[in-house]
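First up is the structure itself, then whatever we jot down about it.
Proteins come first, then strands; the chains are lettered A, B, ... in the order of their sequence lines, and each starts at number 1.
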There are 2 protein chains.
Amino acid sequence: MIVRQAANVLEIMEFFAQVKKPATLAEIADHFGWPRSSTFNLLATLSEKGYLYEPRPRAGFYPTPRWLAMARMISEVEPLPQWTHTLIADLSAETGETASIVAPAGVMAVFIDVVESQAAIRYFATIGHRVPIHATASGRALLLQYSQEERDSVYRKIEFKQYGPSTPISIEAVETELRNSIARGYCQSFADYSRDLAGAAIPLPIGDRRLSVVVAGPEFRIGPKVAEVAALIARTVDRLRPKAAA
Amino acid sequence: MIVRQAANVLEIMEFFAQVKKPATLAEIADHFGWPRSSTFNLLATLSEKGYLYEPRPRAGFYPTPRWLAMARMISEVEPLPQWTHTLIADLSAETGETASIVAPAGVMAVFIDVVESQAAIRYFATIGHRVPIHATASGRALLLQYSQEERDSVYRKIEFKQYGPSTPISIEAVETELRNSIARGYCQSFADYSRDLAGAAIPLPIGDRRLSVVVAGPEFRIGPKVAEVAALIARTVDRLRPKAAA
DNA sequence: CATATAAATTCACATATATGTACGTTTATC
DNA sequence: GATAAACGTACATATATGTGAATTTATATG
């Protein structure tokens, strides 16, 4: 079950992150198609808790810097080491595609850092973006770091769907693909989940955290050179990862 | 009316900002006294939207960097000029008290930047903290920047309460205090709202934004030297504010 | 300045939603 | 390795909550 008003809070914030200017009650209500009275209650709640204010009279609401203060406190705990951002920045620059750091979230994989391609046709992903862990290169690079039991426990919760022609639709199919990935030295995906999208990924354990790096883009650009891209990822990790730490 | 689940989202985030480590469903449910089933729905919603993930298996949930990404996008719009932070940092250092930048939010005033005193006994305020606009030094420094009509419109919405012995409990009382503030050259408050708390504030218009600076602390420390403190605020603003801009 | 139009609030009620209860799964204990 | 305790998940139901309509307040227009 989805908690509607919880989702609405996030949508309002995303709205402000997008329009980047104050908005009145009416504007927000119209934008989402919400009743004004409901919008009023939501805005009042956010204001009362100190997350919204009125920068200038009658010009509407805008989030207070409290969001930033809170997000900073949250993120200063085990932040990703600096070199991982350099890693995906370099990868994106060299390949011209979108590169990301990915972490597990149950049966899904979450993008926790992203550097987007500059190409007109590109993989559009943002921090927080989620994809099925079993049907993506990045996800499988995470699964490779699990024990057999942990994987089994994840499998039990997966709803196998045929997202595309090559989606693995059984536990055995996923396990086979994992074995192939080990043999091959990297994980790959050709439209297993998203149409026309291909990617190469490798595991990226940091401390006791299980992460992965992925480079992804349109099938026609990435397809012919997955192996190259995968090798580049491996080399770049080798170059940037501090030698001392595991 | 307060939208409970909207408030709960904020409380969860504040919880993480405080404990700074992953928490399991059970821990969160117990902490807030929420039923597990409800907590489950909330966490599922936040996860589904990409705001929560599971850093390591079975070690619970933690917010994704998406919060930070969003907060950054929101805050890069008309951020406070750098010098205002220097301003309150200097004021706090020189006075040993808490200094803040404050903005209006209806009948309330919101703290949008804070540098806290280091003293053991101090005014504890955080970004997002809200106080009544008419019953605080910082709030009245905002009201001074309003036209008479704008003030009247605010007055109509105020519920006058006797927060402390000196709280102004009528429109006339507030207007009188404003006139006194103009004559005096700064706004002050002696436990008008919070017990034992005194403060000095002056208006701080920036562009078309109506802000104020306030220095506040325990009555026994601030009380004897409000005038000094107010003068210091004025001098420091003069020193730091760029001459070009109004 | 009066009137019209739009926006913000309030409130009572029907309905969408939070939760008690029960079940399956995982982890801890002996 | 067996048993117990804790944890996570699903669902039906009573109730807390969102909302449509009415009221008040603010802004635009003739």
Legend entry - d(CZ, Arg156(B); P, dT9(C)) in whole Å: 12 Å
Inset, instruction - In whole angstrom, give the distance that lies between atom CG of Asp30(B) and atom C1' of dC7(D). - result: 10 Å
Inset, instruction - Nearest whole angstrom, please: distance from the C1' of dT19(C) to the CZ of Phe32(B). - result: 18 Å
Legend entry - Contact nearer the 5' end of DNA chain C, comparing Leu25(A) with Trp34(B): Leu25(A)
Inset, instruction - Report the distance from atom CG of Asp152(B) to atom P of dT25(D), rounded to the nearest whole Å. - result: 14 Å
Inset, instruction - Would you confirm whether Arg36(A), through its side chain, and Ala26(A), through its main-chain N or O, come within 3.5 Å as a donor-acceptor pair? - result: no
Legend entry - Check: Gly164(B) main-chain N/O paired with Thr167(B) side-chain donor or acceptor under 3.5 Å: yes
Inset, instruction - Take atom NZ of Lys157(A) and atom C1' of dC7(D), then tell me their distance rounded to the nearest Å. - result: 10 Å
Inset, instruction - Look at the side chain of Ser38(A) and the backbone N and O of Trp34(A), then say whether any donor-acceptor pair between them is shorter than 3.5 Å. - result: no
Inset, instruction - Any pair with a residue in residues 168-195 of chain B that passes ring-ring contact (aromatic ring centres under 6.0 Å, His included), sequence neighbours left out, goes on the list, sorted by first then second residue, please. - result: Tyr163(B)-Tyr193(B)
Legend entry - Toward the 5' end of DNA chain D, by each residue's nearest nucleotide, Val154(B) or Glu27(B): Glu27(B)
Legend entry - CD-CD distance between Gln5(B) and Gln5(A), expressed to the nearest 0.5 angstrom: 8.5 Å
Inset, instruction - Take the protein atom CZ of Phe40(A) and the nucleotide atom P of dA8(C), then report the distance between them rounded to whole Å. - result: 10 Å
Legend entry - Ile88(A) side chain reached by Val213(A) side chain, heavy atoms, under 4.5 Å: yes
Inset, instruction - Mind checking side-chain hydrogen bond (donor to acceptor under 3.5 Å, both in side chains) for His31(B) and listing every partner two or more places apart, or none if nothing turns up? - result: none
Protein-nucleic acid N or O pairs under 3.5 Å, nucleotides 11-18 of chain C:
residue, atom, partner, partner atom, Å
dA16(C), O3', Arg4(A), NH2, 3.4
dT17(C), OP1, Arg4(A), NE, 2.7
dT17(C), OP1, Arg4(A), NH2, 2.9
dA18(C), OP1, Gln5(B), NE2, 3.3

Inset, instruction - Round to a whole Å and report the spacing from CD of Glu159(A) to P of dT9(D). - result: 14 Å
Legend entry - Nearest-angstrom distance from the residue atom CD of Glu150(B) to P of dT25(D): 18 Å
Inset, instruction - Between dA7(C), dT25(D), dG8(D), spot the one nearest the side chain of Arg36(A), thanks. - result: dA7(C)
